[in-house]
Amino acid sequence: MLDIKLIRERPTFVKNNLSRRGNPEFIEMLDKLIALDKKWRLDLTELNKLRHKRKKATNEIASLKKINKDISNSIKKAKNLDGLIENLEKEVVVEKKKIKEYLLKIPNLLHETVPIGLDENKNVQLKKWGEIPNFDYAIKNHIELGTKLQIIDIKRAGKVAGSRFFYLKGSGVLIDLALINFAIKEMTNKGFELVEPPYLMRREAYQGATALADFEDVLYKIENENLYLIATSEHPLVAMFMKEVIEEKNLPLKIAGISPCFRKEAGSHGKDTRGIFRTHQFNKIEQFIFCTPEQSWLLHEELLSNAEDIMKKIGLPYRVVNVCTGDIGTVAAKKFDIEVWMPAQNAYREIVSCSNCTEYQSRRLDIRYREKEGAPVKGFVHTLNSTAIATGRMIVAILENFQQEDGSIIIPEVLREYMGNIKKINL
RNA sequence: GCCGGGAUGGCAGAGUGGAUAACGCGCAGGCCUUGAGAGUCUGUGGACCUUUAGGUCCGCAUGGGUUCGAAUCCCAUUCCCGGCGCCA
């Protein structure tokens with residue numbers, strides 16, 4: 001959510017920034033918001049005047065009553081104002097609500113370094129790491145590999161839960177858990193505190209964590225309850241501190257969230273339908289940071305480098321892209337994606353997403369900071385998030401990149417200690 | 001799920017139908033002091049208008065209701081605590 005004061009004081013600046021997203025709807029919304037805000041302030045001032053009049057009348061009643069004088073005239077005077085006040089009150093409430101709605105829909109301001117572009121094709125490659133493997137035999141995709149090795153069962157998952165679900169079995173489970181444990185070690189070594197969040201969240205909290213428009217497409221709602229399954233641990237992690245004031249000595253607050261993620265993936269029909277690249281449920285270890293505005297851009301780079309370290313240690317070739325204005329989403333001011341090489345697709349595909357959300361989430365959730373206890377609040381914290389490891393996609397990458405001619409898989413060395421020191425997954 | 005208790009500023013906590021939501025802690029500033037501390041004075045919820053100063057309204061979990069007037073009375077909802085029940 002943007003600061004309404006900033007919009008009032010520097011409307012052109014905000015408009016220019018929003019226009020970089022290339023969606024005229026946002027400009028329309030902003031114009032409507034500005035006009036509505038103006039009207040709201042006028043009406044509010046008028047309402048306050050009326051309320052003042054009534055207040056004076058009721059005070060009069062109190063003092064007349066004390067000296068046993070007749071109050072029927074004064075009561076009439078006060079009652080006459082009621083209708084006017086009630087009507088204007090309703091108007092003001094409706095206006096305020098609409099203003100809030102616009103504010104919740106208008107996306108975050110973009111950092112100046114975000115490249116302009118309509119879609120992911122305009123994302124700018126920043127760096128590349130690792131050698132793309134050269135296979136001198138016909139390679140298999142992760143579905144063939146996983147099925148043959150009996151570590152992934154998509155068919156039976158379809159029978160039981162529908163498409164985009166999967167069973168992991170045997171060594172598949174071990175890799176999944178090894179990835180989690182490896183990520184835990186990496187994050188702990190880098191000073192992150194481990195957190196297992198609730199997997200369900202109330203609407204009030206969820207609305208602060210993400211954009212309203214994302215709800216229906218992405219989130220599973222529990223029937224007859226005000227609860228949603230989390231799409232990523234980022235959401236319960238940021239909401240964890242809603243309505244709180246954090247002391248500066250505790251910033252930056254670094255958290256590693258561990259949880260399954262549930263996503264409807266509505267609107268992605270036909271995209272990545274086969275296999276476990278895009279599924280309704282997967283496990284993820286997430287990096288999350290609360291910090292001061294001064295710290296956030298440096299920490300954004302740090303989160304990226306943490307995620308890159310993991311890629312390097314596992315040994316997967318990847319590239320980093322600076323996500324462009326059309327692809328960046330509502331809440332981020334700037335976003336890096338790490339894309340891993342997927343041999344069977346002959347392409348780099350997203351495996352890590354690393355965002356600086358500046359104060360967009362914290363303003364919605366009212367997460368502020370102050371110098372120390374009792375001191376006045378300084379402002380809203382900045383929030384950042386980045387994937388550490390999303391196990392589903394990582395398993396796809398490992399199977400495809402480390403496959404051997406006979407269909408076996410070489411296990412990356414860093415994972416072996418968590419898998420009983422086996423080096424290979426064989427049939 | 002049932003019964004009971006509760007929700008007031010950054011924190012603690014009074015106020016049970018009538019003007020400014022008390023006192024305190026913390027924090028900020030002034031005075032005092034070589035400095036710190038102690039002491040002392042002032043300030044310390046939000047919004048809007050006007051801005052040198054100031055003015056007005058809102059705010060006691062949320063939403064309704066009663067009343068000329070609600071933190072206070074009534075109804076509903078949410079959350080927290082305790083007890084009982086159920087349960088991995």
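Only heavy atoms go into these numbers, but all of them, side chains included; no hydrogens, no water, no symmetry mates. Keep in mind it's a predicted model, so treat the numbers as computed, not measured. Numbered from 1 within each chain, the chains take letters A, B, ... in sequence-line order.
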Quiz prompt | Per-nucleotide protein contact string for nucleotides 50-61 of chain B, where B marks a base within reach and S marks sugar-phosphate only (heavy atoms under 4.0 Å, - for neither) | solution = ------BSS---
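- The aromatic ring centres of His111(A) and Trp297(A) sit less than 6.0 Å apart.
- Using atom C1' as the reference point in both U62(B) and G54(B), the two lie 34 Å apart (nearest Å).
- Only the C1' atoms considered, C48(B) is 14 Å distant from G59(B), to the nearest whole Å.
- Each of Arg368(A) and Arg202(A) was assigned the nucleotide of RNA chain B with the nearest heavy atom; the assignment lying further toward the 5' end belongs to Arg368(A).
- Rounded to the nearest Å, the gap between the C1' atom of U42(B) and that of C32(B) is 15 Å.
- When the C1' atom is used for both U77(B) and C27(B), the distance is 36 Å, rounded to whole Å.
- For the pair Trp40(A) and Glu371(A), both in contact range of RNA chain B, the more 5′-proximal nearest nucleotide belongs to Glu371(A).
- Taking atom CD1 of residue Ile85(A) and atom C1' of nucleotide U67(B), one finds them 14 Å apart after rounding to whole Å.
- Contact annotation: Arg41(A) side-chain N/O to A47(B) OP1/OP2 distance is not under 4.0 Å.
- Using the six-membered ring where Trp is involved, Tyr206(A) and Tyr228(A) have ring planes that are perpendicular, over 60° apart on the 30 and 60° scheme.
- Going from the C1' atom of U20(B) to that of G35(B) covers 40 Å, rounded to whole Å.
- Distance noted for atom P between C2(B) and A12(B): 30 Å (whole Å).
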Exercise. Would you write the dot-bracket representation of RNA chain B, where each base gets (, ), [, ], | or . depending on whether it forms a Watson-Crick or G-U pair under 3.5 Å and with which partner?
Key: ((((((((.[[...)..(.....]]((((((.......))))))(((((....)))))..[[[[[..)....]]]]])))))))....
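- Nucleic acid contact for Lys38(A): none, since no nucleic acid atom lies under 4.0 Å from a heavy atom of the residue.
- Listed pair Arg370(A) / C11(B) fails the phosphate criterion, with no side-chain N or O lying under 4.0 Å from OP1 or OP2.
- In summary, the aromatic rings of Phe288(A) and Phe290(A) are positioned with their centroids under 6.0 Å apart.
- Spacing between G65(B) and G69(B) at atom C1', rounded to whole Å, works out to 15 Å.
- For the P atoms, the distance linking C60(B) with U72(B) amounts to 8 Å, nearest Å.
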